[in-house]
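Beneath this line is the structure, given in structure tokens, with notes to follow.
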Amino acid sequence: MKILVQKFGGTSVSTIDRRKLVVQKVMEAKQKGYNPVVVVSAMGRKGEPYATDSLRSLVTDTFKSENPLATDLLMSCGEIISSVVMCDEFHKVGIKASPLTGGQAGIITNNIYNDASMIKVDTKKILDLIKSDTVPVITGFQGYNEEGFFTTLGRGGSDITASLLGASLKSEEIEIYTDVDGIMTADPRIVMEPNLIHCISYNEVFQLADQGANVIHPRAIEIAMQGNIPLKIKNTLSECKGTLINSLGEKTEGSIVTGITHMTNRIQVQLVLNQNKDNVDYGNVLEVLAENHISIDLINVFPNEKIFTIDSKDLLKLKDIMNKSDLKYSFIEGCSKIAIIGNRIKGVPGVMAKILRILKDSNIEVLQTADSHTTIWCLIYDKDLERAINLLHKKFLK
Ligand code: ADP
Ligand code: ASP
Ligand code: MG
């Protein structure tokens, strides 16, 4: 049985005209002999009535933090509405379609509300529908836990649903439809005309996604990679071939950089040994942060100081921990982390030097750097972000 999982993001199902385009993409798949399994996100983006952010804003932050189970129930509604409305569009053109919640589609998760992980997927209901020539239209972003309560998979989690189902059903491919032509060399909201990446390896796209390119969820890439299922990122609004993600990536030698991405809302934190000489907690500070679920990165430990960054949402928690331990520290708010990614960076001397030269020549202050085989990171001020990304993109990718 030739199965094709096709996932449509929030903007792809936001208006009736766009939902008609979704029907066309599914019809094309059927004409090619595939059995489509459709996954949908909640309709639209922030501000639109049934978007996930709009649903979340119906209750207070205090309620959300104290009632994660109820919050997941609320957040699940967006995808449920979307799947039923989408089925109506299929019925209008004579295609049999049936909506299923993630749990009804067989996705069973652990109990971590708001950020659940899959325990198992039972594809029986989906296969029964396909056998009766019915297109399953499955709500992305959610499952049931073993007690039968709704759970959600983390923001952007409909991509994860697509990969979970793709891997379990041994889909020929997983198609992720969105509002851009595919994976670009930089976020098109920041760089005017980034290049479309035609083919990219799981590894490189994982780095891009993990470091801020929200075009696809990094977990979705891991799952597809484990199942060795090719992913395709395509535009619902165009006929563009999109980006193919597989284990090989681009075979031809191109630029050493594959893409540039970024994360905003970073805070740089510094602790100096001199100011904390008699404080026993200075030595354990990274462990204490980990115990309190504060994730840190760009970590530099020197004999006389420790420097790292945190997300701004964790600042209050960090202050609380430091104050309780009477640790002296300083921090810089308003930072962004740029990641310059490419499998071919490995072994090429002078890439970091070139990056620093480009930024220095434009008076962009670099607060910190780090590097791995495939990625170079630079921490800069938010105010310089757009300029820095555009400059680096022009030098490395044009
Ligand atoms: P969907 O609702 O379809 O899941 P998302 O908003 O989650 O859509 O992801 C698509 C968006 O990702 C695009 O509109 C684009 O602005 C953004 N994006 C960020 N980085 C990139 C990139 N490198 N290539 C393509 N899109 C990117
Ligand atoms: N609707 C969910 C979100 O906004 C899941 C998704 O769109 O992938 O996070
Ligand atoms: Mg998304």
Side-chain angles (χ1 to χ4, degrees), residues 6-14 18 21-22 25 39-57 71-72 74-83 102 114-116 138-143 150-164 174-198 200 204-221 231 233-238 240 242-243 245 257-264 338-342 389 393 397:
Q6 298 181 291
K7 178 256 170 178
F8 297 91
T11 49
S12 302
V13 290
S14 59
R18 290 180 178 201
L21 294 174
V22 169
K25 304 284 180 198
V39 175
V40 288
S41 289
M43 297 191 283
R45 291 217 170 112
K46 201 171 188 165
E48 295 178 66
Y50 310 114
T52 308
D53 284 305
S54 312
L55 298 172
R56 283 176 60 81
S57 70
T71 305
D72 269 0
L74 177 64
M75 286 205 289
S76 301
C77 298
E79 270 71 12
I80 294 177
I81 294 169
S82 188
S83 67
N114 308 175
D115 196 20
I138 298 153
T139 59
F141 177 53
Q142 53 176 262
F150 276 88
T151 53
T152 62
L153 308 177
R155 298 308 306 272
S158 296
D159 297 334
I160 304 177
T161 307
S163 281
L164 284 175
I174 301 163
E175 293 185 336
I176 306 281
Y177 283 91
T178 182
D179 61 346
V180 287
D181 278 344
I183 312 246
M184 312 280 182
T185 46
D187 188 339
R189 285 170 297 195
I190 297 213
V191 171
M192 272 287 272
E193 280 181 347
N195 315 321
L196 175 67
I197 301 173
H198 297 284
I200 185 168
E204 280 178 300
V205 81
F206 177 84
Q207 300 293 333
L208 276 170
D210 191 50
Q211 294 302 314
N214 62 347
V215 58
I216 179 158
H217 198 293
R219 186 81 194 103
I221 299 158
L231 279 157
I233 314 293
K234 296 176 99 175
N235 193 342
T236 309
L237 311 172
S238 83
C240 180
T243 302
I245 305 168
V257 174
T258 303
I260 301 175
T261 185
H262 70 279
M263 273 186 195
T264 52
I338 297 185
I340 298 113
I341 292 160
I389 293 186
H393 191 269
L397 287 154

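Positions are given from 1, in the same order as the sequence printed here. Values reported hereafter were calculated over all heavy atoms of this structure, with side chains retained and with hydrogens, waters and symmetry mates removed. Start at 1 and go down the list; that is how both ligands and their atoms are numbered.
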Under 3.5 Å between any N/O of Gly10 and any N/O of ligand 1: does that happen in this structure? yes

When you check ligand 2 against the protein, what N or O pairs turn up below 3.5 Å? List the atom names and distances, or just say none.
from     : atom 1 : to     : atom 2 : distance (Å)
ligand 2 : 1 (N)  : Thr52  : OG1    : 2.6
ligand 2 : 1 (N)  : Glu79  : OE2    : 2.7
ligand 2 : 4 (O)  : Thr52  : OG1    : 3.3
ligand 2 : 4 (O)  : Arg155 : NH2    : 2.9
ligand 2 : 7 (O)  : Ser41  : OG     : 3.3
ligand 2 : 8 (O)  : Gly156 : O      : 3.4
ligand 2 : 8 (O)  : Gly157 : N      : 3.4
ligand 2 : 8 (O)  : Ser158 : N      : 3.1
ligand 2 : 8 (O)  : Ser158 : OG     : 3.2
ligand 2 : 9 (O)  : Arg155 : NE     : 2.7
ligand 2 : 9 (O)  : Arg155 : NH2    : 3.3
ligand 2 : 9 (O)  : Gly156 : N      : 2.8

Taking the minimum heavy-atom distance to atom 25 (C) of ligand 1, which of Gly182, Ala213, Ala42, Ala209 ranks first? Gly182

When you measure from atom 7 (O) of ligand 1 to every protein heavy atom, which one gives the shortest distance, and what is it? Asn214 O, 3.4 Å

Hey, is ligand 1 close enough to Thr185 that some N/O pair sits below 3.5 Å? no

In the protein, what heavy atom is nearest to atom 16 (O) of ligand 1, and what distance, to one decimal place, separates them? Arg189 NE, 2.9 Å

Set of side-chain hydrogen bond (donor to acceptor under 3.5 Å, both in side chains) partners for Ser57, sequence neighbours left out: none

In the protein, what heavy atom is nearest to atom 4 (O) of ligand 1, and what distance, to one decimal place, separates them? Lys7 NZ, 3.2 Å

Restricting to non-hydrogen atoms, name the atom on Thr185 and the atom on His393 that form the minimum distance, rounded to 0.1 Å. OG1-NE2, 2.7 Å

Closest protein heavy atom (residue, atom, distance) for atom 3 (O) of ligand 1: Thr178 OG1, 2.7 Å

Going by atom types alone, do Thr152 and Asp72 pair a side-chain donor with an acceptor below 3.5 Å? yes

Let's go through Thr139 and Phe150 carefully: what are the C-alpha distance in whole Å and the side-chain angles of both, what is the deciding distance for side-chain contact (heavy atoms from CB on, under 4.5 Å) to 0.1 Å, and is it a yes or a no? CA-CA 12 Å; Thr139 59; Phe150 276 88; over 6 Å; no

At a 4.0 Å cut-off, with the gap strictly under it, does some heavy atom of Pro188 reach an atom of ligand 1? yes

Under 3.5 Å, N or O to N or O, is Met184 touching ligand 1 that way? yes

Residue, atom name and distance, where the atom is the protein heavy atom closest to atom 21 (C) of ligand 1: Asp187 CA, 3.8 Å

So which protein heavy atom does atom 26 (N) of ligand 1 come closest to, and at what separation? Val215 CB, 3.5 Å

Where do Val257 and Leu397 come nearest, in terms of heavy atoms and distance? O-CD2, 3.2 Å

What about Asp179: any of its N or O atoms under 3.5 Å from an N or O on ligand 1? yes

Measure from atom 5 (P) of ligand 1 to every heavy atom in His262, Met43, Arg45 and give the option owning the shortest one. Arg45

Closest non-hydrogen contact found for Asn235 with Val180 is CB-O, 3.3 Å

Atoms of ligand 1 less than 4.0 Å from Val180 heavy atoms? 13 (C), 14 (O), 25 (C), 26 (N)

Consider only side-chain N and O atoms of Thr71 and Asn114, and report whether a donor and an acceptor are under 3.5 Å apart. no

Sequence neighbours excluded, which residues qualify as side-chain hydrogen bond (donor to acceptor under 3.5 Å, both in side chains) partners of Asp53? Arg155

Going by the 4.0 angstrom heavy-atom rule, the piece of Ala186 near ligand 1 is backbone

Enter the distance from Lys25:NZ to Gln6:CD here, rounded to the nearest 0.5 Å. 9.5 Å

Taking side-chain hydrogen bond (donor to acceptor under 3.5 Å, both in side chains) as the definition, give me every residue that meets it alongside Thr258, ordered by chain and number, with sequence neighbours left out. Glu204

Can Thr52 and Phe141 be said to form a side-chain contact (heavy atoms from CB on, under 4.5 Å), step by step? CA-CA 10 Å; Thr52 308; Phe141 177 53; 4.0 Å; yes

Neighbour count >12 (heavy atoms, 6.0 Å) for atom CZ, Phe206: yes

What is the minimum heavy-atom distance between Gln211 and Ala339, and which atoms define it? CB-CB, 3.8 Å

